[in-house]
Number of protein chains: 2
Amino acid sequence: MRIVVLAGGIGGARFLRGLKRAVPDADITVIGNTGDDIHLFGLKVCPDLDTVMYTLGGGINEEQGWGRTDETFHLKEELAAYGVGPEWFGLGDRDFATHIVRTQMLGAGFPLSAVTEALCDRWEPGVRLIPMTDDRVETHVAVTLPDSGSAAGSGERKAVHFQEYWVRLRASVPAEAVVPVGAEQAKPAPGVLEAIAEADVILFPPSNPVVSVGTILAVPGIREAIANAGVPVIGLSPIVGDAPVRGMADKVLAAVGVESTAPAVAEHYGSGLLDGWLVDTVDAGCVERVEAAGIRCRAVPLMMTDVDAAARMAREALALAEEVRAV
Amino acid sequence: MRIVVLAGGIGGARFLRGLKRAVPDADITVIGNTGDDIHLFGLKVCPDLDTVMYTLGGGINEEQGWGRTDETFHLKEELAAYGVGPEWFGLGDRDFATHIVRTQMLGAGFPLSAVTEALCDRWEPGVRLIPMTDDRVETHVAVTLPDSGSAAGSGERKAVHFQEYWVRLRASVPAEAVVPVGAEQAKPAPGVLEAIAEADVILFPPSNPVVSVGTILAVPGIREAIANAGVPVIGLSPIVGDAPVRGMADKVLAAVGVESTAPAVAEHYGSGLLDGWLVDTVDAGCVERVEAAGIRCRAVPLMMTDVDAAARMAREALALAEEVRAV
């Protein structure tokens with residue numbers, strides 16, 4: 001079975017670990033979000049690709065869900081001592097090595113997809129991990145930063161890098177718009193469209209529908225390829241009981257005018273793209289609404305408390321795909 | 001008192017620490033060797049400048065004489081896990097920060113002299129540290145690498161970077177030639193010639209006469225400026241009892257046809273450059289030979305066992321300068 005998964009960071013990575021356990025012999029291609037990528041200290045950092053790679057390769061910090069296990073932060077401390085920031089982005093000493101190798105290879109002329117493949121030679125994630133594009137895409141968020149001391153409602157309106165919005169501001173101000181800068185001009189990386197065309201099933205893990213899956217779909221050609229693949233496309237809701245399972249998806253959903261509920265996210269993807277949608281058992285009441293939108297829906301436990309739970313979710317997604325296929 | 005010191009790495013740095021203790025109110029300018037500089041992992045590494053900066057700024061690993069105190073090597077371990085070398089060059093996690101900041105500033109267009117000044121803003125070494133040049137100079141060593149299994153005397157003749165000769169090969173094969181590649185086209189960094197012109201005394205610490213002091217003197221204009229400064233130029237022998245105090249100076253002295261003795265090094269500098277020369281008490285017998293070459297010479301203890309010993313050496317050097325001046 002050939003499975004294509006569109007993945008963001010933590011949610012995507014943990015789902016993938018479950019998927020591998022559920023179907024160990026499957027041929028899995030992961031199309032990774034690169035809209036979170038950021039240049040820090042002259043180095044190219046790809047948080048989502050690395051989270052997938054570290055999680056599946058056994059190098060992840062399990063507790064926090066990103067970064068390396070057994071990590072130290074001496075380099076970052078020293079950069080701060082030099083007055084060189086940003087300090088709000090947590091790069092550890094071990095993690096730095098990945099960014100140094102990546103930056104060197106990019107500087108030598110290799111595209112990000114080839115670099116990612118080389119990094120995966122070490123981590124052996126057990127999936128084929130491809131960045132959505134080799135071109136530069138950076139998700140920016142339009143915000144109004146409160147002007148201390150000024151009248152309410154005033155403030156500086158500016159666009160900040162997604163990482164600045166997410167990590168530095170902790171999504172503490174509303175996202176007024178989310179723009180994947182460069183996406184329109186980007187081309188899918190080599191292998192992306194081919195993997196979609198050859199897939200038996202396509203999965204959207206419980207990743208952020210706007211800044212993770214949404215960014216991947218914003219690369220021209222990818223949404224169309226998925227819609228026209230002629231195979232079941234199944235998603236898992238990242239919203240459980242009207243709140244994001246993890247992160248601050250509600251903040252960026254508001255920016256695109258989507259309410260933070262499981263059915264609203266399904267409708268946002270739309271029946272033109274999505275064939276099946278899994279919601280959590282607490283959201284069983286919305287199954288009818290999703291099905292009314294032309295998307296087959298099932299309510300199952302969606303909390304990825306451990307790898308087994310993630311594997312059960314993966315099995316449910318594949319079962320729903322078979323239901324769709326049988327229709 | 002304005003003092004100019006030409007410094008390499010460990011020997012120069014430790015002498016400077018003694019000099020600062022001996023004359024705390026002196027205005028000290030250090031012209032640092034950059035021939036040891038190397039690009040590693042896409043980063044610009046300046047071992048001699050950093051050794052001076054860390055030693056005088058209190059961040060040095062005292063035991064080994066280079067690198068940072070309280071250092072870890074996680075980043076380097078990870079690079080090795082990616083198969084990215086060289087593994088023979090010991091860059092620690094804290095040390096990496098210096099090279100990252102330097103590389104970023106160079107990339108932004110700042111010359112090395114401005115970058116060094118910025119790095120020293122943090123370390124406050126208590127001296128003005130200027131690289132000998134802002135241009136790229138790389139000391140290469142011609143060697144014949146033994147061909148395993150071939151007849152004696154055969155082998156591959158090649159030029160290796162000084163660091164490869166010194167750190168990787170541990171000077172285990174003869175240095176057939178030492179070439180500061182790029183030196184002929186290099187210009188002294190801003191402030192170098194001015195500092196020499198305004199100096200009251202110029203000191204050569206017990207640094208390597210070929211690959212440290214010699215490389216600085218190879219930058220067109222520096223040797224002439226020192227010879228014509230009209231102030232005492234005093235050196236301290238790095239050779240004690242026919243052996244280098246530290247390192248493998250004998251190997252590179254052989255490459256330039258100079259025997260590894262205290263008087264031979266003085267003669268190598270020559271009376272046209274050097275006014276005074278300190279040899280160790282064990283070499284007292286060679287004082288006459290040095291003076292016969294037109295260089296005033298004294299025998300004093302030259303083992304830098306601690307900062308006080310280095311301070312006593314600095315006082316002896318300054319006393320010899322006064323003798324020379326009084327003539």
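A, B, ... follow the sequence lines: proteins, then strands. Residue 1 opens every chain. FYI, side chains are in, hydrogens and waters are out, and symmetry mates aren't considered; it's all heavy atoms of this structure.
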side-chain contact (heavy atoms from CB on, under 4.5 Å) for B/Tyr82 and A/Thr98? Distances and angles first, verdict last.
CA-CA 8 Å; B/Tyr82 278 117; A/Thr98 302; 2.6 Å; yes
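- Using a 4.5 Å heavy-atom cutoff, the side chains of A/Glu78 and B/Arg68 are in contact.
- With chain B as the partner, the residue from A/Asp95, A/Leu79, A/Asp121, A/Val84 showing the most heavy-atom pairs under 4.5 Å is A/Leu79.
- Among the candidates B/Gly59, B/Ala97, B/Ala108, the residue making the largest number of heavy-atom pairs closer than 4.5 Å to chain A is B/Ala97.
- Atom-to-atom distance recorded for A/His74:NE2 and B/Asp70:CG is 8.0 Å, nearest 0.5 angstrom.
- Only the side chain of A/Glu77 comes within contact range of chain B, with heavy atoms under 4.5 Å apart.
- By the 6.0 Å contact criterion, CD on A/Gln104 is enclosed, its count of non-hydrogen atoms from other residues, nucleotides or ligands being greater than 12.
- The line from CG of A/Leu43 to OG1 of B/Thr103 is 9.0 Å long, rounded to the nearest 0.5 Å.
- Heavy atoms only, all atoms of each residue included: A/Asp93 and B/Leu75 are closest at O-CG, 3.3 Å.
- Counted within 6.0 Å of CZ on B/Phe110, heavy atoms from surrounding residues, nucleotides or ligands total 12 or fewer; the atom is thus considered open.
- For the atom pair B/Ile100 CD1 and A/Lys76 NZ, the distance stands at 13.0 Å (nearest 0.5 Å).
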